[in-house]
Novice: 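Before anything else, here's the structure in question.
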Amino acid sequence: MQRIDVLNGNQAAAIGAALAKPGVIAAYPITPQTPVVEYLTEYAINGKIDAAMSEVESELSAMSVVTGASLAGSRTFTATASQGLALMYEPYFRASTLRLPIVMAIVNREMISPQSVWGGQQDSMSVRDAGWLQIYAEDNQEILDLIIQAFKIAEDKRVLLPINICYDGFYLSHMTEKVFIPEQKEVDTFLGTYVPEHIKLDPEQPMAVDPLTNGALLMEYRYKHLKAQQEALKVLEEVDQEYEKLFGRSYGGAIETYRMDNAEYALITVGSVSGAAKDAIDAKRVEGICVGLVRIRMIRPFPRKQVCQALEKVKAFGVVDKNVSFGWDSGIVYQEVKAAMYEGDNHVPSVPIVGGLGGEDISIQMLKDTIDMIQDAAKKQQSHDTVWLMVNEGEVR
């Protein structure tokens, strides 16, 4: 049995983390992540979870605490956003290269400056190459489910890497919707008990962790790290299938496709904008335009083979980015998709799309307009310049 409640995204993340029974939770509040910490603290005070809550003085300290706790063999959880993520970068990088299965929610928020507390995926996208796994949720149900799944993925012996569950600030973190909540016994059965074997805190079996390392060993460590990330693609699918058997919900692995069976054109999205994209696609289907959606759930490792396969029959595609790649004139995910498509034989026109920065809205009409641009690019057999979804200007340009 599962109970139903109306939850915002931060509540969903906190409940998912609580159900996983972490031994140590450390986090420093930052908008729009703050309620996650507040909910978990309330659960601890009321005896709903048996976790050591560490009140730290900064996000750098929060990551340092969960790093030490994970080294000592504890299941750990933390959460952050934007400048908090930037502040914890040094131990953030260390956590991945020490192969510690820490789970951290990133409540996506724009980076400064100019000052902004609103949504945008610039924060997590900017650290995508720090060795963590990264998965992006579309809605609050997926947030809860992914937080639970994250522990099983990270702790798998083929992986043993920290993982970020990322979700859009305010659009998900503070908005409410119906969410199914699994029972504790079922989650216990699904996750089991974390017993670390690669790193141990045992006076009877002493071991050195993070000593000064020569180039030959570092090459080996990086090689195994990248191999483990690729294994995570398989593990994600396995965990998703197991989760479906227990709880009845599946998200399809590293990507989700929508109406792609006979699609001639495709929109590619990450995160909460995917819902509006599906509505735009449905509207265009009524007009007779064969368009579909590829929602990329896993950014690291990037599912290049799955993306290529999903797009192998389209005449053109567009990628909606809620971030920018400084030095290029497009978004980050667009570049990732283009790099992946280079490995395939389907070199078709494409449309880079940037929108939603600083929490700006991406409307269904805007997405319908971009689908027209994708169709036009296919007719002209020429890729389009970057399209900016400028809400304040009332136009797509």
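FYI, the numbering just counts along the sequence from 1. Reckoned from all heavy atoms, side chains included, excluding hydrogens, waters and symmetry mates.
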Novice: Look at K227 together with E231 and state whether they make a salt bridge at an N to O cut-off of under 4.0 Å.
Specialist: no
Novice: Does any pair with a residue in residues 295-306 pass side chain to side chain donor-acceptor pair (under 3.5 Å), and if so which ones, sequence neighbours excluded?
Specialist: D129-R300, E138-R295, E142-R295, E142-R297, E256-R295, R300-E336, R304-E343
Novice: Is there a donor-acceptor pair closer than 3.5 Å between any side-chain N or O of N214 and the backbone N or O of A216?
Specialist: yes
Novice: Would you compute the distance between atom CG of L161 and atom CG of L226 and round it to the nearest 0.5 angstrom?
Specialist: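 Atom-to-atom, L161:CG and L226:CG are 9.5 Å apart.
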Novice: For the residue pair Q149 / D145, report whether a side-chain donor-acceptor contact shorter than 3.5 Å exists.
Specialist: no
Novice: Is R3 salt-bridged to D5, cutoff N-O under 4.0 Å?
Specialist: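 Judged by the 4.0 Å cut-off on N to carboxylate O distance, R3 and D5 do form a salt bridge.
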Novice: Test your reading of the model: is there a side-chain donor-acceptor pair from S325 to the backbone of W328, 3.5 Å cut-off?
Specialist: no
Novice: Just by modelled atom types, is the L357 backbone N or O under 3.5 Å from a matching donor or acceptor in the Q122 side chain?
Specialist: no
Novice: Are R158 and E238 ion-paired here, with the side-chain N under 4.0 Å from a carboxylate O?
Specialist: yes
Novice: Can a salt bridge be assigned to the pair K245 and E242 using a cut-off of 4.0 Å between side-chain N and carboxylate O?
Specialist: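 The answer is no: the pair does not qualify as a salt bridge.
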Novice: Are F317 and V348 close enough that some pair of their side-chain heavy atoms sits under 4.5 Å apart?
Specialist: yes
Novice: For Q2, does the CD atom have more than 12 heavy-atom neighbours from other residues, nucleotides or ligands under 6.0 Å away?
Specialist: yes
Novice: Are any of the side-chain heavy atoms of N140 and L144 separated by less than 4.5 Å?
Specialist: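 Answer no - side chains too far apart.
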Novice: Any link between V319 and V291 through a network of hydrophobic side chains (Ile, Leu, Val, Met, Phe, Trp, Tyr) touching at under 4.5 Å?
Specialist: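 No, no single cluster joins them.
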Novice: Take S82 and D123 through the side chain to side chain donor-acceptor pair (under 3.5 Å) test and state the conclusion after the steps.
Specialist: CA-CA 5 Å; S82 188; D123 51 0; 5.1 Å; no
Novice: Could you tell me whether K157 and E197 make a salt bridge, using a distance below 4.0 angstrom between a side-chain N and a carboxylate O?
Specialist: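 Looking at E197 together with K157, the answer is yes, because their closest N to O distance falls below 4.0 Å.
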Novice: Please round to the nearest 0.5 Å and tell me the distance separating atom NE2 of H225 and atom CG of L160.
Specialist: 11.0 Å
Novice: In terms of side-chain heavy atoms, does Y136 have a donor or acceptor partner in Q134 at a distance below 3.5 Å?
Specialist: yes
Novice: Mind checking whether F151 and V66 sit in one hydrophobic cluster, side chains of I, L, V, M, F, W, Y counted as touching below 4.5 Å?
Specialist: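 They do not share one cluster, since no chain of ILVMFWY contacts under 4.5 Å joins F151 to V66.
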Novice: I'd like to check I4 versus V179 (side-chain heavy atoms, cut-off strictly below 4.5 Å). Are they in contact?
Specialist: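 Side chain of I4 against side chain of V179, heavy atoms only: no contact under 4.5 Å found.
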Novice: Parallel under 30°, tilted from 30 to 60°, perpendicular over 60°: which one fits the rings of F190 and F247?
Specialist: perpendicular
Novice: May I ask you to say whether E264 pairs ionically with K313, meaning some side-chain N is under 4.0 Å from a carboxylate O?
Specialist: no
Novice: Let's go through I296 and I299 carefully: what are the C-alpha distance in whole Å and the side-chain angles of both, what is the deciding distance for side chain to side chain contact (heavy atoms under 4.5 Å, CB included) to 0.1 Å, and is it a yes or a no?
Specialist: CA-CA 7 Å; I296 301 179; I299 292 296; 3.9 Å; yes
Novice: For the residue pair T176 / N8, report whether a side-chain donor-acceptor contact shorter than 3.5 Å exists.
Specialist: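 Distance-only check fails for N8 and T176.
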Novice: Of L367, V354, I268, V333, which is the lone residue that meets side chain to side chain contact (heavy atoms under 4.5 Å, CB included) with V320?
Specialist: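 With V320 as partner, L367, V354, I268, V333 yield a single side chain to side chain contact (heavy atoms under 4.5 Å, CB included), made by L367.
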Novice: For the residue pair I163 and M104, establish whether any side-chain heavy-atom pair is separated by less than 4.5 Å.
Specialist: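 No; the side chains remain at least 4.5 Å from each other.
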Novice: Do L100 and R94 touch side chain to side chain, with heavy atoms closer than 4.5 Å?
Specialist: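 Result no, sub-4.5 Å side-chain heavy-atom pair not found.
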Novice: Test side chain to side chain contact (heavy atoms under 4.5 Å, CB included) on T257 and L293 and set out the steps.
Specialist: CA-CA 6 Å; T257 58; L293 175 79; over 6 Å; no
Novice: Is it the case that over 12 heavy atoms from other parts of the model lie below 6.0 angstrom from the CD atom of E287?
Specialist: yes
Novice: Do L191 and L236 sit in the same hydrophobic cluster, where Ile, Leu, Val, Met, Phe, Trp and Tyr count as joined when their side-chain heavy atoms come under 4.5 Å apart?
Specialist: yes
Novice: Could you walk me through whether S272 and Y167 satisfy the side chain to side chain contact (heavy atoms under 4.5 Å, CB included) test, starting with their C-alpha distance in whole Å, then the side-chain angles of each, then the deciding distance to 0.1 Å, before giving a yes or no?
Specialist: CA-CA 8 Å; S272 63; Y167 57 94; over 6 Å; no
Novice: Under the ring-ring contact (aromatic ring centres under 6.0 Å, His included) definition, can you give me all pairs with a residue in residues 25-67, not counting sequence neighbours?
Specialist: none
Novice: CD1 of I332 to NZ of K322: how many Å apart, nearest 0.5 Å?
Specialist: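 Atom-to-atom, I332:CD1 and K322:NZ are 14.0 Å apart.
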Novice: Tell me yes or no: between the side chains of Y221 and T213, is some donor less than 3.5 Å from an acceptor?
Specialist: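 There is no such pair between these side chains.
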Novice: Between R259 and D282, does the salt bridge (Lys or Arg N to Asp or Glu O under 4.0 Å) criterion hold? Intermediate values first, please.
Specialist: CA-CA 9 Å; R259 305 195 75 165; D282 288 342; 3.0 Å; yes
Novice: Within the 3.5 Å criterion, strictly below it, is a donor on Y334 or N323 matched to an acceptor on the partner's side chain?
Specialist: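 No, N323 and Y334 have no side-chain donor paired with an acceptor closer than 3.5 Å.
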Novice: Is it possible for you to say whether F93 and V127 belong to one hydrophobic cluster, with membership spreading through side-chain heavy-atom contacts below 4.5 Å?
Specialist: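 Hydrophobic grouping puts F93 with V127.
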Novice: Residues two or more places apart in sequence or in another chain: which of them pass ring pair (Phe, Tyr, Trp, His ring centres under 6.0 Å) with H174?
Specialist: F170
Novice: State, yes or no, whether a side-chain contact exists between M298 and P301 at a heavy-atom distance under 4.5 Å.
Specialist: yes
Novice: Determine, stepwise, if the pair D376 / K380 fulfils salt bridge (Lys or Arg N to Asp or Glu O under 4.0 Å).
Specialist: CA-CA 6 Å; D376 186 58; K380 294 179 179 179; 3.2 Å; yes
Novice: Can you confirm whether more than 12 heavy atoms, excluding those of Q309, are under 6.0 Å from its CD atom?
Specialist: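 Atom CD in Q309 is not crowded, with 12 or fewer foreign heavy atoms closer than 6.0 Å.
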Novice: Considering only heavy atoms from C-beta outward, does the side chain of M63 approach that of E90 to under 4.5 Å?
Specialist: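 Sidechains of E90 and M63: no contact.
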Novice: Just by distance, no angles: are the side chains of S124 and N108 close enough, under 3.5 Å, to form a donor-acceptor pair?
Specialist: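 There is such a pair between these side chains.
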Novice: Which distance, rounded to the nearest 0.5 Å, do you find between the CE of M373 and the CG of D385?
Specialist: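 It comes to 10.5 Å.
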Novice: I'd like to know if the side chain of Y265 pairs up with that of D372 as donor and acceptor (distance under 3.5 Å, no hydrogens or angles considered).
Specialist: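 No.
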Novice: Is it true that, when you exclude D50 itself, more than 12 heavy atoms of the residues, nucleotides or ligands shown sit nearer than 6.0 Å to its CG?
Specialist: no
Novice: Quick one: do I353 and I255 end up in the same hydrophobic cluster if we chain Ile, Leu, Val, Met, Phe, Trp and Tyr together by side-chain heavy atoms under 4.5 Å apart?
Specialist: no
Novice: For the CD atom of Q365 and the CG atom of D279, what is their distance to the nearest 0.5 Å?
Specialist: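 Spacing of CD (Q365) from CG (D279) equals 12.5 Å.
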Novice: Is any NZ, NE, NH1 or NH2 atom of the basic residue among D202 and K200 found under 4.0 Å from an Asp or Glu carboxylate oxygen of the other?
Specialist: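 Answer for the salt bridge query: no.
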Novice: Are C166 and I135 side-chain neighbours, meaning at least one heavy-atom pair lies under 4.5 Å?
Specialist: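 Side chain of C166 against side chain of I135, heavy atoms only: no contact under 4.5 Å found.
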Novice: Checking R109 against D168 for the salt bridge (Lys or Arg N to Asp or Glu O under 4.0 Å) test, could you report, in this order, the C-alpha distance in whole Å, the side-chain angles of both residues, the deciding distance, and whether it holds?
Specialist: CA-CA 7 Å; R109 167 185 150 183; D168 289 322; over 6 Å; no
Novice: Is the backbone N or O of D240 less than 3.5 Å from a side-chain atom of S250, with the two atoms forming a donor-acceptor pair by type?
Specialist: no
Novice: Should K234 and E237 count as an ion pair when the cut-off is N to O under 4.0 Å?
Specialist: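 Judged by the 4.0 Å cut-off on N to carboxylate O distance, K234 and E237 do not form a salt bridge.
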Novice: Does the side chain to side chain contact (heavy atoms under 4.5 Å, CB included) test come out yes or no for L267 and Y258, once each step is laid out?
Specialist: CA-CA 10 Å; L267 263 181; Y258 178 75; over 6 Å; no
